[in-house]
Chemist: 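Have a look at this one before I ask anything.
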Amino acid sequence: MQTEIFINQGIHESRIAILEEGRLAEVWVERPENERTVGDVYKGVVSAVLPGLQAAFVEIGQDRTAFLQVRDMMEADRDETDGARNGRRSRHRGYPSIQNLIKKGEEVLVQVTKEPIGTKGARITTQLSLPGRFMVLVPGGNWVGVSRKIISRNERKRLRDLVFKIKPDGYSVIVRTEGQNQSDREFKRDMKQLVKNHERLIKTGRKVEAPALVYKEMGMTSSVIRDLFTDNVGRLVVDSKELYKEITAYLRQVSPELRQRVEFYRERRPIFDAFNIEEDIEKATNRTVWLRRGGALVIDYAEAGTFIDVNSARYIGSDDQEENNLNTNLKAAREIARQLKLRDIGGIIVIDFIDMNEERNRKKVVDCLFEEFKRDRAKVSISPNISEFGLVEMTRQRVRPNLLHTHSEPCPICSGTGRIMGPDTTLTWIERWLQRSYAATRERRYVLKVHPDVATYMLENREERLKSLRKATKARLQIETDSTLGPQDYRFFSTKRSLDVTAEFRV
């Protein structure tokens, strides 16, 4: 597969676009005020231990308290390498009670594994891991794991033997996919740097006062170069001269043969416009995704998960309805895999495919999903069958907020629901407020401020609605418009007391 990487270095944000076969596959965005924290190590203080949840909250100096589960305090399974994939569930294992492992007020070194998302704080672990270019160093233990993506038995054995010889005692190691066919020299250099980083981390952790940052993981651009810029990448194009020099200097040390694939973009036209990336990024937050030759996906986000509806829309195929539904579902399965990766959607995902009568066709669709997600670096688990309701349930590893959360924020009027109350509902709320007010105070004269659209609704048809409201509530209202109010908001001002009394009788 032909892969290309494009980097746009802006004043307010840096963006990395990864193209596969000429199509946008991934977008990474980092802003100065919201730098990524996954991989960072903190010295934290346990603020609460919750036996009922078998979890603890740890203060690490961020706005929200970090969350630590008991399973994230256990040593990693040696089989849990970066190759874990579709449908494979970790083996069940018993854990000791968290109250026997950690106490309130205790200081502990922790590493961020998931960014804070929404109202949730960062997810952390006490099992530290330091990624290098060809391996991941795991302090503690004495085992060596190899990425499942390295298929050759001989190569896997060579890598295990090699790493066992060079690693110090007290460390476990996971060989990354990029380590395939690398020499002893490359692994020794990687190992030396990682051990040095860990020793520096421990030394800093002893000195600082909690809560404090102890070790900062590479920035977004550096980590992408380390993790993704391999022999499979045809070229890397960057529009910053300084960043171009940094990347080539780094590659001179670790992979000199890749330097010739790095290009400095010199044109005046923005780099993402020149390579038709900007338009695809803008489409990546749309609710509806149109499929080629018809059909569409509708993607809806919720706190509990993401829901994707597949419909035939404008699809024109053969006269065979079953065949048409199968073809649309197969195209949808391929596009869903791309969209989840592109939008970085994680957590629980439910897909509603178009109904198919034949079991073999349903199996084709699920098999297609499994095949497409093999190229996804995130851990994915997919239910093996379409349910009796025509749904496929799956989960995808969530590390950071998805693209929609990165580029947008909840609407201040609808609070993110996507809908607001109509003027008739607002009028009903106003009527109930007046009824409560009159029952409690017998006060009748108010100035009512509402959105202009609501005022128009109340005053149209010769003020019939306003007259009915006055008659039902015995109120004497003076209507004023306020464009700063939302369509579902209102304010009551007492003429008698000369103050805002809205909160007194609002439920």
Side-chain angles (χ1 to χ4, degrees), residues 5 16 35-43 76 78 81-83 109-113 125-147 149-150 155 158-208 213-231 233 236 242-259 261-262 377:
I5 300 176
I16 299 176
E35 291 185 351
R36 53 179 272 159
T37 60
V38 169
D40 292 353
V41 178
Y42 290 84
K43 186 177 183 179
R78 71 185 66 192
T81 70
D82 62 344
L109 279 180
V110 295
Q111 186 172 35
V112 176
T113 57
T125 178
T126 59
Q127 300 302 304
L128 309 185
S129 60
L130 303 179
R133 185 158 177 81
F134 305 119
M135 67 180 75
V136 177
L137 188 70
V138 184
N142 189 36
W143 50 263
V144 173
V146 179
S147 167
K149 286 188 175 181
I150 301 176
E155 179 63 8
R158 182 189 78 87
L159 291 171
R160 279 200 178 92
D161 293 343
L162 188 162
V163 174
F164 262 120
K165 289 179 181 178
I166 65 173
K167 80 174 189 65
D169 291 337
Y171 290 102
S172 298
V173 174
I174 298 173
V175 179
R176 308 183 66 179
T177 308
E178 291 75 14
Q180 187 170 4
N181 300 322
Q182 297 297 328
S183 65
D184 296 22
R185 178 184 177 186
E186 300 294 345
F187 276 99
K188 287 178 181 178
R189 182 164 51 190
D190 215 16
M191 179 71 73
K192 181 179 179 181
Q193 184 61 50
L194 291 174
V195 171
K196 186 185 297 185
N197 289 346
H198 179 248
E199 291 174 347
R200 189 184 302 120
L201 180 159
I202 296 299
K203 186 176 180 180
T204 304
R206 293 188 183 125
K207 292 180 179 179
V208 299
L213 177 66
V214 172
Y215 171 82
K216 181 69 180 174
E217 172 62 304
M218 284 183 173
M220 177 186 70
T221 302
S222 300
S223 64
V224 166
I225 300 303
R226 179 194 66 197
D227 298 342
L228 301 181
F229 192 33
T230 64
D231 292 334
V233 177
L236 184 151
E242 293 74 18
L243 192 56
Y244 171 79
K245 291 179 179 178
E246 289 180 22
I247 292 172
T248 52
Y250 172 74
L251 292 174
R252 187 181 298 115
Q253 295 180 352
V254 299
S255 298
E257 70 281 0
L258 294 178
R259 288 176 58 203
R261 303 188 191 184
V262 182
R377 290 189 308 278

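None of these values were measured; they are calculated from a predicted model.
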Chemist: For R176 and D227, what are the C-alpha separation, side-chain angles and deciding distance, and is it a side chain to side chain contact (heavy atoms under 4.5 Å, CB included)?
Modeler: CA-CA 9 Å; R176 308 183 66 179; D227 298 342; 2.8 Å; yes

Chemist: For S255, run the side-chain hydrogen bond (donor to acceptor under 3.5 Å, both in side chains) check against E178, R226, Q182, R133 and tell me which one passes.
Modeler: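 Result for side-chain hydrogen bond (donor to acceptor under 3.5 Å, both in side chains) with S255: R133.
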
Chemist: Between F187 and F134, what is the ring plane arrangement, given parallel below 30°, perpendicular above 60°, and tilted in between?
Modeler: tilted

Chemist: Is any side-chain heavy atom of I174 closer than 4.5 Å to one of W143?
Modeler: yes

Chemist: Would you indicate whether the side-chain heavy atoms of R377 and L228 approach each other to under 4.5 Å?
Modeler: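 Answer yes - side chains close enough.
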
Chemist: Can you tell me how far the CD atom of Q180 sits from the OG atom of S147, to the nearest 0.5 Å?
Modeler: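 If we round to the nearest 0.5 Å, Q180:CD and S147:OG are 8.5 Å apart.
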
Chemist: At what distance, to the nearest 0.5 angstrom, does CZ of R206 lie from CG of L201?
Modeler: 10.5 Å

Chemist: Going from OH on Y215 to CG on N197, what distance comes out if it is rounded to the nearest 0.5 angstrom?
Modeler: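 Between atom OH of Y215 and atom CG of N197 there are 4.5 Å.
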
Chemist: What pair of heavy atoms forms the shortest contact from Y42 to V214, and how long is it?
Modeler: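 Shortest heavy-atom separation between Y42 and V214 comes out as C-CG2, 4.0 Å.
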
Chemist: Can you see which heavy atom on T230 is nearest to which on R261, and at what distance?
Modeler: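 Smallest interatomic distance, heavy atoms only, reads O-NH1, 3.9 Å.
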
Chemist: Do K167 and N142 have side chains that approach each other closer than 4.5 Å (heavy atoms only, starting at C-beta)?
Modeler: yes

Chemist: Going from OG1 on T37 to CD on Q111, what distance comes out if it is rounded to the nearest 0.5 angstrom?
Modeler: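 The CD atom of Q111 is 10.5 Å from OG1 of T37, to the nearest 0.5 Å.
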
Chemist: Check the pair L137 / V173 against side chain to side chain contact (heavy atoms under 4.5 Å, CB included), numbers first and verdict last.
Modeler: CA-CA 5 Å; L137 188 70; V173 174; 4.0 Å; yes

Chemist: Hey, does I225 have a side-chain heavy atom less than 4.5 Å from the side chain of I5?
Modeler: no

Chemist: Evaluate salt bridge (charged side-chain N to carboxylate O under 4.0 Å, His left out) for R189 paired with E186, printing each intermediate quantity in order.
Modeler: CA-CA 5 Å; R189 182 164 51 190; E186 300 294 345; 2.7 Å; yes

Chemist: In sequence, state the C-alpha distance, the side-chain angles, and the governing distance for D184 and I166, and then conclude on side chain to side chain contact (heavy atoms under 4.5 Å, CB included).
Modeler: CA-CA 9 Å; D184 296 22; I166 65 173; over 6 Å; no

Chemist: Is the closest side-chain heavy-atom distance between T204 and V41 below 4.5 Å?
Modeler: no

Chemist: Between L162 and S183, which heavy-atom pair has the shortest distance, and what is it?
Modeler: CD1-C, 4.5 Å

Chemist: Tell me, yes or no, whether the heavy-atom count around K192 atom NZ, taken from other residues, nucleotides or ligands under 6.0 Å, exceeds 12.
Modeler: no

Chemist: Looking at side-chain heavy atoms only, is the closest gap between M191 and Y171 below 4.5 Å?
Modeler: no

Chemist: Out of curiosity, K165 NZ to K188 NZ, how far, rounded to the nearest 0.5 Å?
Modeler: 9.5 Å

Chemist: I'd like to know whether R158 forms a salt bridge (charged side-chain N to carboxylate O under 4.0 Å, His left out) with E155, so could you lay out the CA-CA distance, the side-chain angles of the two residues, the decisive distance to 0.1 Å, and finally the verdict.
Modeler: CA-CA 5 Å; R158 182 189 78 87; E155 179 63 8; 2.9 Å; yes

Chemist: Do you know which two heavy atoms are closest between I150 and L159, and how far apart they sit?
Modeler: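 Smallest heavy-atom distance, with atoms named: CD1-CD1, 3.7 Å.
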
Chemist: Which heavy atom of K43 sits nearest to which heavy atom of V208, and what is that distance?
Modeler: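 Looking at all heavy atoms of both residues, the closest pair is NZ-O, 3.0 Å.
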
Chemist: Could you measure the distance from the CD1 atom of I16 to the OG1 atom of T221? Nearest 0.5 Å is fine.
Modeler: 4.0 Å

Chemist: Is there a side-chain contact between E217 and P131, using heavy atoms and a 4.5 Å cut-off?
Modeler: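 Result yes, sub-4.5 Å side-chain heavy-atom pair found.
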
Chemist: Nearest heavy-atom pair of D190 and M135: which atoms, and what distance?
Modeler: OD2-N, 3.4 Å

Chemist: Is there a donor-acceptor pair under 3.5 Å between the side chain of S172 and the backbone N or O of G140?
Modeler: yes

Chemist: D231 versus L258: any side-chain heavy-atom pair under 4.5 Å?
Modeler: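 Sidechains of L258 and D231: in contact.
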
